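The shown structure was predicted, so the numbers you read here are calculated from the model rather than taken from an experiment.
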Amino acid sequence: MQIPGIKIRQLGTLNITAGILFVIVFIFLFCIGLSPLHKRNELANLTKADSIFMSAYNNLYDDPLLAPLSRQLAYKKALLHMAENDSINLIVNLSDSNIHLTINGVIIHTTRLQSFDIDPLLLNLPNNIYHKIFSHPLYIVEEYATIVKEPIVVRQAPKNPEEAAINAYQPDTLIQNPAFLRMQLDYDIHLVFEQDVNSGWNDQKTQVAFRMKYRISHFFERLKAFFSLKKQNYYPTIRIKMPVNDLREIYRALPTHARVVIYYS
């Protein structure tokens, strides 16, 4: 026999539980929504705290007519700093849609971008913060890719010259995996490279897995920060699509913790 009082109490408990969950989810989403603002404030505070940079920064750069030229100046400064390094580094010039590999300031490879997308936070940076971030090369702190960086091929040692000739190995005959790459740079800036054409099922499956891996790990990172009562981190992202072969070549050419110069007007 159903007792009305018990049923009402059960419904009341369910409503209270649902209400609490709704409030928790709302606060969680609200914190995520505020994360770009927190990141912008964090970058602004880092800029203001650098007294040497602020004393050298010319406020005339903030003039709307001079801002584009001042950003070109920041780009040239970053290139000069990069030229001091004798390893292979990367230039991402979004203003002319080119990517370059360089050694000691000399361009050794250029690729034309098919398309790109810049995070609104980066697009709307005040000029002084832009100079603070992009007037120097940024280091690659962490990276994840579907591309094999240094392929290892196991071969049976030949017993004679004839067998060696039969088993001759050409490095460019390696199995070419779909090309997707994510780099985390200084200031938590992310560079995401994707091949511009996904013609087959394997390409599409790899793209979905590549994106889901980051989204899942980032979701759990957000949950951990939320329940630890810490602010949500935000990763300003630049997404780039380019020819698959060029993407493989660039990734394999770059050493560990290479440096990246980024320019956009």
Side-chain angles (χ1 to χ4, degrees), residues 13-51 53-54 90 92 94 116-147 149 179-194 205-241 251 254 256-262 264:
T13 302
L14 289 175
N15 289 336
I16 293 173
T17 303
I20 293 173
L21 288 176
F22 175 80
V23 171
I24 292 174
V25 171
F26 177 81
I27 296 174
F28 177 60
L29 294 177
F30 182 74
C31 292
I32 292 175
L34 287 179
S35 60
L37 179 61
H38 290 319
K39 173 57 70 174
R40 181 187 172 96
N41 291 337
E42 177 186 323
L43 295 175
N45 292 334
L46 284 173
T47 302
K48 292 176 182 177
D50 190 339
S51 58
F53 169 80
M54 291 303 296
L90 184 66
V92 179
L94 300 177
F116 61 86
D117 180 65
I118 305 177
D119 193 292
L121 186 148
L122 296 177
L123 276 178
N124 297 302
L125 280 180
N127 218 44
N128 61 338
I129 300 179
Y130 179 95
H131 275 257
K132 168 65 178 175
I133 295 176
F134 297 115
S135 61
H136 294 269
L138 304 176
Y139 281 94
I140 301 175
V141 178
E142 187 177 330
E143 60 188 18
Y144 168 71
T146 62
I147 312 163
K149 184 76 168 181
F180 300 93
L181 167 64
R182 177 180 291 271
M183 297 176 177
Q184 181 172 333
L185 311 179
D186 295 328
Y187 304 103
D188 291 329
I189 295 173
H190 281 200
L191 269 180
V192 177
F193 297 88
E194 295 188 354
K205 179 183 68 174
T206 304
Q207 182 186 51
V208 170
F210 170 79
R211 292 178 176 180
M212 288 302 298
K213 179 180 175 65
Y214 171 73
R215 289 172 181 171
I216 291 172
S217 64
H218 194 200
F219 175 74
F220 283 108
E221 178 186 326
R222 284 172 165 171
L223 279 180
K224 182 179 179 181
F226 179 72
F227 287 109
S228 301
L229 301 180
K230 297 179 181 178
K231 70 177 182 180
Q232 297 288 332
N233 203 356
Y234 184 76
Y235 301 97
T237 302
I238 299 174
R239 301 181 183 278
I240 295 170
K241 290 190 176 183
Y251 176 67
L254 289 174
T256 304
H257 303 306
R259 303 197 299 175
V260 182
V261 167
I262 299 175
Y264 60 92

key: Interatomic spacing from CD1 in I118 to CD1 in I240 - rounded to 0.5 Å   = 8.5 Å
request  = With the side chain counted from C-beta on, respond yes when L138 and I189 share a heavy-atom pair under 4.5 Å apart, and no when they do not.
outcome  = yes
Reported CG-to-CG distance for the pair L185 and L191, which is rounded to 0.5 angstrom = 4.5 Å
query = Which residue pairs pass the salt bridge (Lys or Arg N to Asp or Glu O under 4.0 Å) test when at least one of the two sits in residues 216-238, sequence neighbours left out?
reply = E42-K231
inquiry  = Just to verify, what does Y130 make a side-chain hydrogen bond (donor to acceptor under 3.5 Å, both in side chains) with, not counting sequence neighbours?
reply    = none
note = Separation between CZ (F227) and CZ (F28), nearest 0.5 Å, reads 7.5 Å
query = Should we say atom OH of Y144 is surrounded by more than 12 heavy atoms from elsewhere, each under 6.0 Å from it?
reply = yes
key: Where at least one partner belongs to residues 182-192, residue pairs that pass salt bridge (Lys or Arg N to Asp or Glu O under 4.0 Å), sequence neighbours excluded   = K39-D188
message = I'd like to know whether I24 forms a side-chain contact (heavy atoms from CB on, under 4.5 Å) with F226, so could you lay out the CA-CA distance, the side-chain angles of the two residues, the decisive distance to 0.1 Å, and finally the verdict.
response = CA-CA 10 Å; I24 292 174; F226 179 72; 3.9 Å; yes
Partner set under side-chain hydrogen bond (donor to acceptor under 3.5 Å, both in side chains) for K132, not counting sequence neighbours = D50
query = Taking the side chain as C-beta and beyond, is there a heavy-atom pair between Y234 and H38 under 4.5 Å?
reply = no
query = Which pair of heavy atoms, one from F210 and one from T146, lies closest together, and at what distance?
reply = CD1-CG2, 4.2 Å
note = Sorted by chain and residue number, the side-chain hydrogen bond (donor to acceptor under 3.5 Å, both in side chains) partners of R211 (sequence neighbours excluded) come out as E194
Smallest separation among heavy atoms of A145 and L181, with atom names = CB-CD1, 3.6 Å
inquiry  = Could you report the tightest heavy-atom contact between F116 and L94, atom names first, then the distance?
reply    = CZ-O, 3.3 Å
note = Between I140 and M183 the two heavy atoms that sit nearest each other are CD1-SD, 3.6 Å
Donor-acceptor pairs under 3.5 angstrom involving side-chain atoms of residues 120-127: please list them, not counting sequence neighbours.
residue	atom	partner	partner atom	Å
N124	ND2	P120	O	2.9
N127	OD1	R71	NE	2.9
N127	ND2	Y61	O	2.9
N127	ND2	S70	OG	2.8

inquiry  = Rounded to the nearest 0.5 Å, what separates atom CD in Q207 from atom CZ in F180?
reply    = 4.5 Å
Any side-chain heavy-atom pair of L46 and Y187 under 4.5 Å = yes
ask   = To the nearest 0.5 Å, how far apart are CD1 in I129 and CZ in F53?
value = 9.0 Å
query = What is the distance from atom CZ of F26 to atom SG of C31, rounded to the nearest 0.5 Å?
reply = 10.0 Å
query = Should we count NE2 of H257 as having more than 12 external heavy atoms under 6.0 Å?
reply = no
